[in-house]
Protein chains: 2
Amino acid sequence: MQVFVTVLNESPRVDWRTARRDAARATILAAAWDLVRTEGLAALSLRELARRAGITTPTVYSYFDSKNAIFDAMFGEGARTFAAIAVQPFESDDPRERLLACTKRFMDFCISDVPRYQLLFQHSVPGFSPSAESFEPAIRALDVVREQLALNGVHDERHVDLWTALTTGLVDQQISNDPGGERWSRLVDGATEMFLAHCATERTAT
Amino acid sequence: MQVFVTVLNESPRVDWRTARRDAARATILAAAWDLVRTEGLAALSLRELARRAGITTPTVYSYFDSKNAIFDAMFGEGARTFAAIAVQPFESDDPRERLLACTKRFMDFCISDVPRYQLLFQHSVPGFSPSAESFEPAIRALDVVREQLALNGVHDERHVDLWTALTTGLVDQQISNDPGGERWSRLVDGATEMFLAHCATERTAT
DNA sequence: GTCTATAGCTGGATAGAC
DNA sequence: GTCTATCCAGCTATAGAC
């Protein structure tokens, strides 16, 4: 019994603390997301962040070492969300349908949260680079795209690059020139058809 | 004779002044471009700008009303340069070759000066929107692209949108992920082929 | 851990002498 | 027109009481 008591007295207490710490960090991060979504990525200041989180600036520093540490944590959150969305199972077994579904997920992910997109995929914050830990989930998610491309017979690195340019181009135009609409996002079906047909002809040509 | 004297005494004096003013403005703008090219668009501060131009901050204000007025003048310069490049005559008479040349000009223009690209085509400066006068040349230049697309049988607005997404996507990936290289810019030939083939099939289909 | 208070800096913009 | 000097606002980050 004594063994259990020690375990219950020490190990859980550490868990409580870390849990409370993580909860506080999560609260701050939620306020940060709320702030950048309404005011833009560049408008994230520690004063305003603290104000919205109901604390003061020095308190923020007891949970994050610096402003860039906050950006890094946000980057990590976004990347994990992206990875979670990417690895969800697909409804169809058709490779083409799966690539399309995968791409639509990516575009929805980007368009539905522009500051998150800017943080993750545009190098939009001066002086900030994500840590390797925060970056890792994003790589996993992009591997899903490569996998779907491969299942459609797309292996050439140049074609993969062309694909990333095409999809990010659609996202960028949508966000920049028709925010809230679907002028470019609706073109994804035609774009995918165009792309796969192109890859097919280049395969038969060689 | 008296008539000539008055003309020579007044009209040229006004020209001198405006010429000197324009020259001073041009000097400041040159320093501004130099600054943003080395330090980035966000790093343009009036202090550093004045230091590089060899003047002081208040002097800048005697030539520009505000910092955004400087951005607007830079935008106008960039847009006029873009228009001048776009309207240059093409070597070939083949519509496809001309579209390709037109696109390569656009991509070179963007890639060769990233801050200028960010100022003109990404809405990258918080709180700044170009004036109508500064914006007008950019519209003319983009009309050249539409014209070349039309000569290749591309009239559908959706296809034009797809084209802008494709080309800006290539530019963006090139700038963001392979600065100084040509990993994406070299894909422009294949991308054009892909795009025109797609438009052709959709025309025959209807 | 949380606060008050503030350091230390940089930014845009202006007043007023010359 | 150009300068010196300065205002005022914003920022990140920290010192030190509690």
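Between A/T59 and C/dC3 there is a side-chain N or O to OP1 or OP2 distance below 4.0 Å. At least one side-chain nitrogen or oxygen of A/T56 sits closer than 4.0 Å to the OP1 or OP2 atom of C/dC3. For the pair A/S62 and C/dG1, the criterion of a side-chain N or O lying under 4.0 Å from OP1 or OP2 is not met.
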**Q.** Heavy-atom protein contacts under 4.0 Å, nucleotides 7-18 of chain D, coded B base, S sugar-phosphate only, - none
**A.** ----BBBBB---
What pairs of donor and acceptor atoms, side-chain ones from residues 186-194 of chain B against any protein atom, are under 3.5 angstrom apart with sequence neighbours left out?
unit_1	atom_1	unit_2	atom_2	d
B/R186	NE	B/R183	O	3.2
B/T192	OG1	B/V188	O	2.8

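Rounded to whole Å, the distance from CD1 on B/I55 to P on D/dT4 is 12 Å. Look at OH on A/Y63: it is 10 Å from P on C/dC3, rounded to the nearest Å.
B/R20 comes within 4.0 angstrom of nothing in the nucleic acid, heavy atoms only.
For the contact set between residues 29-40 of chain A and DNA chain C, defined by any heavy atom under 4.0 Å, there are no members.
Take B/D34 and apply the side-chain hydrogen bond (donor to acceptor under 3.5 Å, both in side chains) test, not counting sequence neighbours, and it matches B/R52. Residues meeting the side-chain hydrogen bond (donor to acceptor under 3.5 Å, both in side chains) test with B/R37, sequence neighbours left out: B/D113. Partners of B/S124 according to the side-chain contact (heavy atoms from CB on, under 4.5 Å) rule, which considers only residues two or more places apart in sequence or in another chain, are B/L41, B/Q118, B/Q122. Partners of B/T168 according to the side-chain hydrogen bond (donor to acceptor under 3.5 Å, both in side chains) rule, which considers only residues two or more places apart in sequence or in another chain, are A/Q173. In this structure, the side-chain contact (heavy atoms from CB on, under 4.5 Å) partners of B/R98, at least two apart in sequence or on a different chain, are B/F90, B/D93, B/Q148. By the side-chain contact (heavy atoms from CB on, under 4.5 Å) test, A/E97 pairs with A/S92, A/D94, sequence neighbours left out.
Salt-bridge formation is detected for the pair B/E48/B/R51: a Lys NZ or Arg NE/NH1/NH2 atom is positioned less than 4.0 Å from an Asp or Glu carboxylate oxygen.
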